Engineer: 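Dumping the structure here so I can ask a few things about it.
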Amino acid sequence: MSAAHLGVVPLFISPYLEFVVQNVDQLFARLIEHILITAETVLIAVPIGVSLGVLITYNDRAATAVLWLAGIAMTIPSLAAFGLLVPFLGIGSDPVVFTLILYSQLPVIRNTYVGLTGVEEATKEAGKGLGMTRQQRLRRIQIPMALPIILAGVRNAVVIVVGVAAVGAYIGAGGLGEFIFNGIRQGDSVMIVVATIIVSLLALVADYGIATVEQLLRIRNGEQVEQRASTQLIQKAR
Amino acid sequence: MIEFEDVTKVYADGTEAIDGINFTVEEGTTTVLVGPSGCGKTTSMKLVNRLEEPTEGTVYVNGTDNQELDKIDLRRGIGYVIQEIGLFDHLTVGENIATVPELVGWDQSRIDDRVDELLELMDLSPEYRDQYPRELSGGQRQRIGVARALAADPDILLMDEPFGALDPITRENLQDEFLQIQDRINTTILFVTHSIDEALKMGDRIAIFDVGEVVQYDTPAEILSNPKNEFVENFIGENQTFKQLSITPVREVMDDPQAYESAESEVAPAADGGEYYSISPDSSLQVGLTRLLSIEHTTLPVVDGGEVVGFLTEDHVRSYFDSAGEP
Ligand SMILES: Nc1ncnc2c1ncn2[C@@H]1O[C@H](COP(=O)(O)OP(=O)(O)OP(=O)(O)O)[C@@H](O)[C@H]1O
Ligand SMILES: [Mg+2]
C-alpha cells in the first residue's frame with residue numbers, strides 16, 4: 001500500500017498511519033503479548049495484595065511495616081529489578097511479571113486496608129451487636145463495602161503495570177516495548193511514537209473499563225455517584 | 001429478664017461511665033433508660049449484649065451471669081437497635097432484615113416469610129424489600145433498624161434511641177405503632193432515650209440516670225407523682241399534670257356502662273356522632289378530657305370494638321387526680 005491511499009489525511013500523520021498499516025500483524029501480536037503479561041501480573045498480584053490488606057487490619061504495627069515495604073518496592077528502578085532477577089528467573093517474561101507484581105502491591109494493599117478500615121463505625125458495630133463473628137463481618141460487611149475502593153487500587157496497579165511492562169522487552173519479555181527498543185536502536189521515531197500511543201491507549205481502556213465496574217459497585221452499595229456514559233449505558237441495558 | 005447488680009464500667013481511658021447501678025427489667029416489660037447526654041445509657045445497654053464488659057458487678061440475662069454465655073450466641077438472641085441505626089447500605093432492605101435469621105441458619109423460605117411479616121408489622125409496603133436503605137427516608141430507615149432487631153424473635157430487645165433524629169410527628173407515629181407491636185410480641189425491652197416524654201410514654205418502668213447513676217427507678221405514674229429529688233423534678237420539667245394525663249389510659253378512670261343506663265339523654269350520642277363523640281379505652285386521659293371539653297355533653301362513651309364499655313366524665317378525671325394526691 002502506498003501513501004497515495006492516505007491522501008486525505010493531514011501530511012504529518014501519514015507516516016504513522018503508514019507504519020501501522022504496514023505492521024498491523026506485528027503490532028497486534030505484540031499487543032496481545034502485552035495484554036497477557038498484564039493479565040498474568042494482575043491475576044497473581046491482586047489476590048496477594050488483597051490478602052495482605054485483609055491481614056494487616058488485624059495489627060496496626062504490621063500494617064505500617066507492610067505498607068512501608070510495599071512503598072519501598074515501588075522505588076526500585078524497573079531495569080535494576082530485571083537485572084537482579086535474570087540470574088534466578090532467566091530472561092523472558094518471568095522476571096518482568098515478578099517485578100510488576102511487586103509494583104502492584106502498594107496500591108492494592110493500601111486501598112484494601114483503607115477500604116476495610118474505613119467502613120463506618122456504626123455499621124461495624126451493628127454487625128457486631130447482631131452477633132456476627134469477625135470473619136462474618138469481614139465477609140458480609142467490610143469486603144463488599146470496600147470493593148469499589150479495592151478496585152480503584154487495582155485500576156491504579158493496572159495502569160502502572162501496562163506502562164512498566166513496556167520496559168520488559170529489554171530482557172526479552174516481548175510486548176509493545178519491542179517496537180520502542182527497536183525504534184531506539186534504529187533511530188526510528190515513528191516506531192517509538194506508534195508503540196507508545198498504543199501502550200497509552202491500552203492503559204486508558206483498562207482504566208476506563210475498571211472504573212466503570214467500580215462505579216457499578218458503588219451504585220450497588222447505595223452510593224450517589226455522578227455516572228459516566230458507560231455506566232449509564234450498562235444501567236440502561238439491565 | 002435483665003438484672004444489673006452493682007455494675008460499674010470504667011473505660012480504658014479512665015472515664016467512669018456508670019458507677020454501681022442496680023435495676024431489673026422483668027420479663028415482657030419495657031424499661032426506659034432516660035437521662036442527659038453522656039450519662040451512661042448506651043454503655044449500660046452494651047453491657048447487656050457484651051459489646052462492653054463490666055469493670056465490677058454482674059449483668060444477668062434471663063437469670064444467668066452473661067459472662068458465662070457465649071458472646072456470639074448471646075448477641076444473636078438479643079435484638080439490638082443501635083443509636084446510629086447502622087443499616088448495611090450495600091444490602092437491600094430485605095437482606096438487612098434477614099441478617100440474624102441468616103446467621104443462625106434459618107432456611108430460605110422461612111426467612112422470606114419472616115421478612116414479609118416484619119415489613120407488614122413495621123407498616124412498610126412489600127416493594128421496599130428490594131430497595132437499598134439510602135433510597136429511604138429517616139423514618140423508614142429507623143423502622144428497618146427495628147425490624148432487623150426483631151427478625152429472629154429475640155426474647156430481649158435493646159433499643160438505643162430508636163426514634164431519635166426524627167421530626168416530632170414521625171416520631172410520635174412510630175412510638176404509637178411500636179406500643180401496639182409491643183403488646184403483640186411480649187419481649188423484654190430495654191429502651192434508651194433522652195426525652196422524658198418518650199420515656200413516660202413507652203416505659204412500664206423508667207430508670208432516670210444522672211451522670212453514671214440511676215437516681216430513680218419507678219413506674220411512670222410514680223415518677224410523676226413522687227419524684228425522688230430535685231434532679232428528677234427538674235428532669236420531668238413543667239406540666240406534670242399534663243404529663244400524667246397523657247400517660248393514664250381512659251380505661252383506668254372510666255365508669256362501667258350500667259351506671260349510666262338511665263341517664264342516656266346526657267350522654268354524647270356515640271352512634272350518630274361517629275368516632276368523634278366516643279373514645280377508646282386505650283386513649284390517654286389527655287385525649288379524653290380534650291374531647292369532653294369540645295362537646296356539649298358532660299359524659300363521653302368509651303367504645304371498644306363497637307361496644308360501649310364505659311363512660312368518662314370530668315368528675316372522674318378530677319377525682320382520679322385528687323385520690324392520686326396530685327397535683
Ligand atoms: N469507648 C469509650 N471509651 C471511652 N469513653 C467512652 C467510650 N464510650 C463512651 N464513653 C464515655 O462514657 C460516658 C457515657 O457514654 P454513653 O455513650 O454511655 O452515654 P449516653 O448516655 O449513651 O449518651 P448519649 O445520650 O449522648 O448517647 C461518656 O462520658 C462517654 O464519653
Ligand atoms: Mg448513647
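Only a predicted model underlies this, so the values are computations on that prediction, with no experimental measurement involved. Naming convention: chains lettered A, B, ... in sequence-line order (proteins, then strands); numbering from 1 in each chain. Heavy atoms only: backbone and side chains are in, while hydrogens, waters and symmetry mates are out.
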Engineer: Taking C-beta and beyond as the side chain, do B:Glu53 and B:Lys71 meet within less than 4.5 Å on heavy atoms?
Structural biologist: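 The answer is yes, as the side chains (C-beta and beyond) meet within the 4.5 Å cut-off.
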Engineer: Take B:Asp160 and B:Thr42, measure what side-chain hydrogen bond (donor to acceptor under 3.5 Å, both in side chains) needs, and give me the verdict at the end.
Structural biologist: CA-CA 7 Å; B:Asp160 201 345; B:Thr42 298; 2.8 Å; yes
Engineer: Pick one of side chain, backbone, both or neither for B:Leu74, based on which atoms fall under 4.5 Å of a heavy atom in chain A.
Structural biologist: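 Neither part, no heavy atoms under 4.5 Å.
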Engineer: Could you walk me through whether A:Tyr103 and A:Thr41 pass the side-chain hydrogen bond (donor to acceptor under 3.5 Å, both in side chains) check?
Structural biologist: CA-CA 10 Å; A:Tyr103 282 0; A:Thr41 305; over 6 Å; no
Engineer: Once you measure the plane-to-plane angle for B:Phe23 and B:Phe4, does it fall in the parallel (<30°), tilted (30-60°) or perpendicular (>60°) bin?
Structural biologist: parallel
Engineer: Give a yes or no on whether B:Glu27 atom CD has more than 12 heavy-atom contacts from other residues, nucleotides or ligands under 6.0 Å away.
Structural biologist: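 Not more than 12 within 6.0 Å, no.
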Engineer: Side chain, backbone, both or neither: which part of B:Tyr132 has a heavy atom under 4.5 Å from chain A?
Structural biologist: side chain
Engineer: Compute both the distance and the angle, then confirm whether B:Arg148 meets the cation-pi test with B:Phe88: under 6.0 Å from the six-membered ring centre, within 45 degrees of the axis.
Structural biologist: yes
Engineer: Is it the side chain or the backbone of A:Arg140 that comes within 4.5 Å of chain B heavy atoms, both, or neither?
Structural biologist: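 The answer is both parts of A:Arg140.
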Engineer: For the candidates B:Ala152, B:Gly86, B:Gly77, which exhibits the highest count of non-hydrogen atom pairs separated by less than 4.5 Å from chain A?
Structural biologist: B:Gly86
Engineer: Measure B:Ile72 against the heavy atoms of chain A and call it side chain, backbone, both or neither at under 4.5 Å.
Structural biologist: both
Engineer: With a 4.5 angstrom heavy-atom cut-off, is it the side chain or the backbone of B:Asn49 that approaches chain A, or both, or neither?
Structural biologist: side chain
Engineer: Pick whichever of B:Gln131, B:Lys46, B:Glu135 has the most heavy-atom pairs under 4.5 Å with chain A.
Structural biologist: B:Lys46
